[in-house]
Amino acid sequence: MKRIRNTAPLLVVLAGLFVLGYPMAFLLGYPQAKNNFEDRNRWIQRVIKAAPPLNLDSTTLRFDAAADLSNGLLVRDGTPLADRYQIEPGKIKLSQPIPLIVPVGVEGLVDGQNRLFHVATAERERPLYLNGKLMTMAYEVAPEKPDGQRETFTFTDTKGVFVFRGKWLQLGKDYALDGDTLRLYEPAPLWLELRAEPEWARPLRVTGDYAWADDKTIVLQEPPPPGSEIVLGESTVTWAEKLRGPIDGANRTFAFSHGDLVPDDATRRLFVGNRQLSPQEYLITDAKQGTVVLKETPPPGSIVWTDWYTIYDHPTCGTTVLQCFFSLPQHPMPLPHEIIARIPSFVMRYDFQSERNVVREAIYTAQGTLVALLLGSIVGMTFAVLFVLAVPLERALLPWVIASQTVPIIALVPMLVLILAQFGVQIQSSRLPSALIGGYLSFFPITVGMTKGLRSVDPLKLDLMRSYGATRPQEFMKLRFYAAMSYLFPSLKVGVAVSLLGALISETETSNAKGLGFAILGQVQAGNVADLWVLFLVTAAMGILFVSVVGWLEKLIAPWVRKL
Amino acid sequence: MNTPIIAFQEVDKVFASRGSNHLVALEHVNLSIVPEEFIAFIGPSGCGKTTLLRLAADLEQPTSGRITIKEKTPEQARLDRDYGYVFQDPVLYEWRTVEQNVQLPLEIMGVPKPKRETRAHHLLGLVGLSEFSHHYPWQLSGGMQQRVSIARALSFSPSILLMDEPFGALDEITREQMQLELLRIWRNLKTTVLFVTHSIPEAVFLSTRTVVMSPRPGRIHEIIEIDLPQPRTVETRECERFFELTTVVRESLRGTENGH
Ligand SMILES: Nc1ncnc2c1ncn2[C@@H]1O[C@H](COP(=O)(O)OP(=O)(O)OP(=O)(O)O)[C@@H](O)[C@H]1O
Ligand SMILES: [Mg+2]
């Protein structure tokens with residue numbers, strides 16, 4: 001019961017810190033999240049393009065329900081078909097049959113087994129029709145980049161056909177599945193060409209009816225049944241988009257139906273009638289609203305239209321700054337649960353045999369700290385006794401003792417290592433730097449505390465000693481020393497904390513290559529923020545442990561201190 | 001009368017404080033105490049009783065005048081371990097058990113351990129704290145602590161016992177027991193006792209002479225010879241002379257106030 005009462009406040013504070021960690025982490029990560037949210041280079045771009053018909057009937061064309069047939073126009077070969085059609089719900093009736101498709105030759109066996117088809121030139125943007133029906137192109141790209149060694153790639157799902165570099169991958173022969181990970185039997189080769197890496201340099205999963213496996217290879221989700229006809233449209237009719245704005249012989253300002261245009265969109269196509277405008281003939285005045293001003297006023301009766309342009313759709317990181325914050329690959333301050341989740345793997349990373357094992361690093365640091373504290377205590381107590389015995393000595397030395405603490409420790413460590421090396425001390429395996437630096441830091445609070453303690457004796461207790469005619473050593477041993485305990489232990493607590501600090505700092509001197517200090521340095525250099533925080537937790541826990549051990553020793557050695 | 005064991009000659013004690021308000025704690029103190037006397041000091045609070053004892057024990061230096069203890073300076077007497085001092089407060093060492101506290105002066109004087117232990121055991125029996133010998137001071141009541149402090153002062157059988165209101169924190173019954181016990185020790189050890197008290201009956205019952213002091217500045221107002229027969233017993237408190245003497249002391253104490 002008592003134990004619970006003692007640990008409860010600690011747990012409450014811990015829980016509080018855990019909860020407060022989130023707003024804290026958010027505050028620190030906000031600028032980066034905001035930047036990711038606002039930086040247009042990090043946005044997903046969406047291509048708005050003319051919708052191809054869903055079937056290849058030469059007089060009736062069906063379109064996707066999503067295509068808005070009320071405000072658009074039918075285009076063939078970049079030429080509006082004007083009034084040679086009638087719009088009916090969901091479909092368009094042509095007034096006379098026209099050749100809709102000039103098919104491009106697609107090579108490949110149609111035997112009910114084959115899924116791979118080849119074309120002579122890259123034709124990615126053309127629609128593909130199977131037996132007169134439009135097929136959808138959709139695929140997922142693995143997020144991992146092949147590096148010549150990588151074998152595993154992750155996908156959101158394992159359904160569908162996997163493709164890699166023009167090849168249709170076969171389960172059991174080319175790859176195996178572990179959950180959502182694709183594991184290739186042979187490492188994926190690196191993309192070596194200098195020009196931009198195409199999507200198909202990574203493994204793909206076909207999610208629609210088909211996908212391009214490379215520039216000239218089509219992979220179908222299902223093998224087409226024997227006798228099927230596969231055509232890639234060379235010249236096709238599409239349902240293009242009219243720009244909004246009156247055509248009155250005066251107006252030159254028009255608007256795209258989707259705003260937020262990508263300004264330097266090289267693929268954008270804008271037409272007046274059947275003439276495509278060059279980029280010099282129009283000006284995007286408001287990319288956000290999608291407003292464009294033409295150089296020349298379109299004559300009455302003409303049509304201003306587009307079949308191809310790109311807009312900014314949404315930020316890659318999410319649709320709110322908060323989402324962008326959570327999707328940061330690494331938070332400046334990791335989220336509390338990330339840190340906690342990190343602990344097991346962090347501890348298990350190296351087994352106990354390895355010197356890099358965090359427990360062994362901690363033990364190494366703890367040993368350095370304790371030696372440092374011992375050293376600091378001996379020096380500190382000696383100074384204190386000398387100061388109390390001889391006040392002139394205190395006057396002479398105290399300023400130097402204080403000055404010693406203002407020396408930048410960071411500068412002291414390499415100097416010390418250099419000096420020790422001269423004496424042939426093997427720094428690699430020596431706790432000497434830790435002990436010296438930690439001792440250097442800890443002797444100060446112990447000197448101050450012990451001096452104060454030795455002086456702050458109840459005057460009546462001193463009178464009692466005098467009345468017995470006690471000698472000075474007796475007075476020290478039987479009275480002052482004990483009276484100093486109530487000051488010694490608090491300063492030992494400070495001392496042990498700075499000893500730990502000193503040990504950690506001295507371990508960052510890389511020639512030592514051991515201890516938590518070195519581990520921290522390693523994570524700093526690797527930019528591993530989460531692991532760094534785990535190390536902070538470990539050192540904090542060590543500090544708390546050491547300080548409570550001192551408190552426990554105080555209870556054991558000087559129980560009366562708490563009764564005063 | 002034989003030569004005095006303690007002699008105050010024209011002793012003044014002025015406490016210099018910051019600024020010019022010096023505080024005259026004692027003025028023109030003349031007092032001779034012969035061996036085996038039991039002197040009680042009584043007087044209003046702040047009249048310099050404690051200061052007087054501290055001067056005798058060399059814990060304070062007189063501003064002027066001379067103090068002689070056993071024909072030595074107080075300092076020499078202190079180094080010769082002539083004093084057993086019981087302070088107004090118990091002043092026990094918290095890190096020592098009751099028994100170890102009683103042994104403290106003996107330790108300092110280099111008495112061997114077995115002897116120290118039998119001595120401490122005996123004295124704790126005397127003050128009725130045998131069962132508490134292994135307790136720590138904070139585990140005792142105020143009165144019990146004061147008894148430990150008395151046992152400690154007696155442990156090395158000092159030739160001069162300085163006691164500053166030692167029984168102040170005790171209940172009436174324990175107090176009377178302790179008074180009888182103190183008288184017995186005094187007779188057996190043949191010590192000289194300087195005993196500060198606020199209680200008139202206590203002063204009369206215990207002392208051979210009672211020194212009545214007056215405040216601001218602290219002076220000896222009157223020294224009253226207590227001619228009650230020795231040894232004093234429980235009956236002493238009931239005899240006629242006891243009441244007469246308490247009345248004398250009381251009246252003298254009143255006089256200290258009217259004197260101004
Ligand atoms: N160290 C000191 N510094 C300054 N003044 C002191 C000091 N010690 C005592 N005094 C003053 O000397 C006077 C006598 O003090 P003292 O303690 O001797 O009185 P007391 O008779 O023992 O009083 P009480 O009965 O309350 O114990 C007091 O006015 C006190 O303020
Ligand atoms: Mg007093």
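In what follows, chains carry the letters A, B, and so on, assigned in the order in which the sequence lines appear, proteins first and then strands, with residues in each chain numbered from 1. Since we're looking at a predicted model, the values are computed, not measured.
- Between A:Ile557 and B:Trp95, the closest side-chain pair of non-hydrogen atoms is not below 4.5 Å.
- For A:Tyr468 and B:Tyr85, the distance between ring centers is not under 6.0 angstrom.
- Between A:Lys461 and B:Glu94, at least one side-chain nitrogen of the basic residue sits less than 4.0 Å from a carboxylate oxygen of the acidic one, meeting the salt-bridge criterion.
- Heavy atoms from other residues, nucleotides or ligands lying under 6.0 Å from CZ of A:Phe476 number more than 12.
- Annotation: side chain of A:Lys478 is in contact with side chain of B:Arg96 (closest heavy-atom distance under 4.5 Å).
- For B:Tyr136, no part lies near chain A; criterion is any non-hydrogen pair under 4.5 Å.
- Residue A:Met485: no heavy atom, backbone or side chain, is found under 4.5 Å from chain B.
- Around the NE2 atom of B:His121, the shell of radius 6.0 Å holds no more than 12 heavy atoms that belong to other residues, nucleotides or ligands.
- Heavy atoms closer than 4.5 Å to chain A are found in the backbone of B:Leu92, but not in its side chain.
- Other residues, nucleotides and ligands contribute more than 12 heavy atoms inside 6.0 Å of the CD atom of A:Gln405.
- Using modelled atom types, no side-chain atom of A:Arg466 and backbone atom of B:Leu59 make a donor-acceptor pair closer than 3.5 Å.
- Looking at B:Trp138, the atoms closer than 4.5 Å to chain A (heavy atoms on both sides) all sit in the side chain, from C-beta outward.
- Of all heavy-atom pairs between A:Gln474 and B:Ile108, the closest is NE2-O, 2.9 Å.
- No more than 12 heavy atoms of other residues, nucleotides or ligands sit less than 6.0 Å from atom CZ of B:Arg66.
- Heavy atoms from other residues, nucleotides or ligands lying under 6.0 Å from CZ of A:Arg472 number more than 12.
- Heavy-atom contacts from other residues, nucleotides or ligands closer than 6.0 Å to OH of A:Tyr482 number 12 or fewer.
- Using a 4.5 Å cut-off between heavy atoms, B:Asp80 does not touch chain A at all.
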Evaluate side-chain contact (heavy atoms from CB on, under 4.5 Å) for B:Arg152 paired with A:Leu464, printing each intermediate quantity in order.
-> CA-CA 11 Å; B:Arg152 180 176 61 189; A:Leu464 193 71; 3.2 Å; yes

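- Looking only at side-chain heavy atoms (C-beta outward), A:Leu460 and B:Gln88 stay at 4.5 Å or farther from each other.
- Atom NZ of B:Lys115 sits in a sparse spot, with 12 or fewer heavy atoms from other residues, nucleotides or ligands closer than 6.0 Å.
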